[in-house]
Amino acid sequence: LTEGSVQKHRIKDKTYYNCFFISQDSKKNPDKVARIVALLDRMALSYTVNSVGIYVFNSPLSRYFKDFGYSHQKRFPRYVLEECSKEQLQRILDVYLLGDGSSYKGRKVLYTNSDAMLLDLMELIFKAGHTPNYVGSYSSDVEGGRKPIHHIAIQDLDLGWVGYGKRNSWSVEKAPENTRVWCPVLPNGNFYCMVNGRTFWTGNSEQRNTLEPEEFERIHRNRWVSAK
């Protein structure tokens, strides 16, 4: 999912997937290559290493990985986001940051050119206990048709209400007749939203700066819904 691709081979009229490639420059990132190689050794997988990456030879894994989508359609399998524990999600986040991310002076940013992965990463960040912030989408060569890269920042803010016990003066707008109005009722009283890539706790969430551990467990098990 990060810095990886599945190698496809055609023999006569059949397509075979027996190898996947992990892109890592052995000169620029020797520590990362060493970590990947150590993991492959623990898994008893066959591989070769060259100056630009690692080829891993395993047909079952290659066929499994191809269903995760090509570069612009990559996404996490739903079971990862729905069934993994908070600690497991944090490990996945750490590994993604090493492959398609950057960390500078405490600022951590993830990158992807897949619209589906963008939403998955924001969900992953939130369920790992952080606050996702969509920075924007930028292309290094717009005229050349290069697809923009999404930037998602990882922030560590207080979970829950941040109004310090004071409610703001909210404006009230009457919706036109026959308008669908969403009014969710949640067991923990906290409602987290994403609008145009910006995420926030709604003003009608409980007035507390942090969530109780058991409440967060309920949140990280919930499925995100899209209201269109």
Side-chain angles (χ1 to χ4, degrees), residues 1-103 108-125 127-128 132 137-142 144-152 154:
L1 288 173
T2 169
E3 299 290 5
S5 61
V6 176
Q7 305 296 301
K8 179 170 60 175
H9 303 280
R10 288 189 63 86
I11 300 178
K12 293 185 178 180
D13 295 330
K14 291 186 178 181
T15 300
Y16 297 89
Y17 298 90
N18 56 12
C19 172
F20 60 92
F21 178 72
I22 303 173
S23 177
Q24 283 294 335
D25 190 310
S26 58
K27 293 183 178 180
K28 294 181 179 179
N29 302 306
D31 294 339
K32 292 182 181 180
V33 172
R35 291 180 62 178
I36 295 172
V37 166
L39 178 61
L40 296 175
D41 287 337
R42 288 176 58 190
M43 298 174 68
L45 294 176
S46 176
Y47 63 88
T48 60
V49 182
N50 60 25
S51 61
V52 294
I54 306 168
Y55 288 92
V56 184
F57 304 97
N58 186 282
S59 295
L61 279 178
S62 299
R63 291 193 296 269
Y64 175 65
F65 290 151
K66 77 177 179 62
D67 293 332
F68 292 177
Y70 291 103
S71 177
H72 296 164
Q73 292 84 35
K74 280 188 177 180
R75 62 197 180 279
F76 280 109
R78 282 309 306 172
Y79 74 84
V80 171
L81 299 172
E82 294 177 1
E83 299 178 15
C84 288
S85 67
K86 180 183 176 183
E87 290 72 23
Q88 289 173 322
L89 292 173
Q90 182 61 55
R91 290 184 181 181
I92 295 171
L93 184 61
D94 291 340
V95 171
Y96 194 99
L97 183 65
L98 288 173
D100 281 329
S102 63
S103 181
K108 299 177 181 179
V109 181
L110 305 180
Y111 310 102
T112 180
N113 59 10
S114 166
D115 295 339
M117 181 63 83
L118 163 65
L119 298 178
D120 285 351
L121 287 174
M122 297 192 74
E123 183 175 352
L124 172 65
I125 293 169
K127 290 181 175 179
S137 180
Y138 311 97
S139 173
S140 59
D141 186 8
V142 177
R146 189 174 181 84
K147 188 175 177 62
I149 303 296
H150 298 296
H151 293 53
I152 311 102
I154 304 173

Can you see which heavy atom on G69 is nearest to which on K74, and at what distance? O-CG, 3.5 Å
Flag, side chain of D25 to backbone of K28, donor-acceptor distance under 3.5 Å: yes
Using the side-chain hydrogen bond (donor to acceptor under 3.5 Å, both in side chains) rule, collect all pairs that involve residues 39-57, keeping only residues at least two apart or in two chains. D41-Y47
Sub-4.5 Å side-chain heavy-atom contact between M122 and I152: yes
To the nearest 0.5 Å, atom OG of S62 lies from atom CZ of F57 at 9.5 Å
Distance col, row L45:CG vs I54:CD1, nearest 0.5 angstrom, shows 11.5 Å
A side-chain contact here means heavy atoms from C-beta on lying under 4.5 Å apart; do V56 and L61 qualify? no
Sort out for me which residue in D115, L119, L110 forms a side chain to side chain contact (heavy atoms under 4.5 Å, CB included) with H150. D115
Provide the closest heavy-atom pair for P148 versus S137 in the form atom of the first, atom of the second, distance. CB-OG, 2.9 Å
Side chain to side chain contact (heavy atoms under 4.5 Å, CB included) for F68 and V6? Distances and angles first, verdict last. CA-CA 10 Å; F68 292 177; V6 176; over 6 Å; no
Going from NZ on K127 to CD on Q88, what distance comes out if it is rounded to the nearest 0.5 angstrom? 13.0 Å
Show the numbers, then the answer: is there a side chain to side chain contact (heavy atoms under 4.5 Å, CB included) between N58 and R63? CA-CA 9 Å; N58 186 282; R63 291 193 296 269; over 6 Å; no
Just by distance, do the side chain of H151 and the backbone of I149 share a donor-acceptor pair under 3.5 Å? yes
One should read off an interatomic distance between R91 CZ and D94 CG, to the nearest 0.5 angstrom, of 9.5 Å
Quick one: do Q7 and N18 satisfy side chain to side chain contact (heavy atoms under 4.5 Å, CB included)? Show the steps, please. CA-CA 7 Å; Q7 305 296 301; N18 56 12; 5.5 Å; no
Can you tell me if NZ on K108 sees more than 12 non-hydrogen neighbours from other groups inside 6.0 Å? no
Residues L121 and F76: closest non-hydrogen pair is CD2-CE1, 3.8 Å
Which heavy-atom pair separates T2 from D100 by the least distance, and what is that distance? OG1-N, 3.0 Å
Just by modelled atom types, is the Y111 backbone N or O under 3.5 Å from a matching donor or acceptor in the Y96 side chain? yes
Using modelled atom types and a 3.5 Å cut-off, is there a donor and acceptor pairing between side-chain atoms of N113 and backbone atoms of K147? no
What's the spacing between Q24 CD and N29 CG if we round to 0.5 Å? 5.0 Å
Report the relative orientation of the aromatic rings in F20 and F65; use parallel for angles under 30°, tilted for 30 to 60°, perpendicular for over 60°. perpendicular
Does the K32 side chain pair with the main chain of L98, one donor and one acceptor, at a distance under 3.5 Å? yes
Hey, are the side chains of M117 and L1 touching, using non-hydrogen atoms and a 4.5 Å cut-off? yes
State, with a plain yes or no, whether a side-chain heavy atom of T112 is found less than 4.5 Å away from one of D120. no
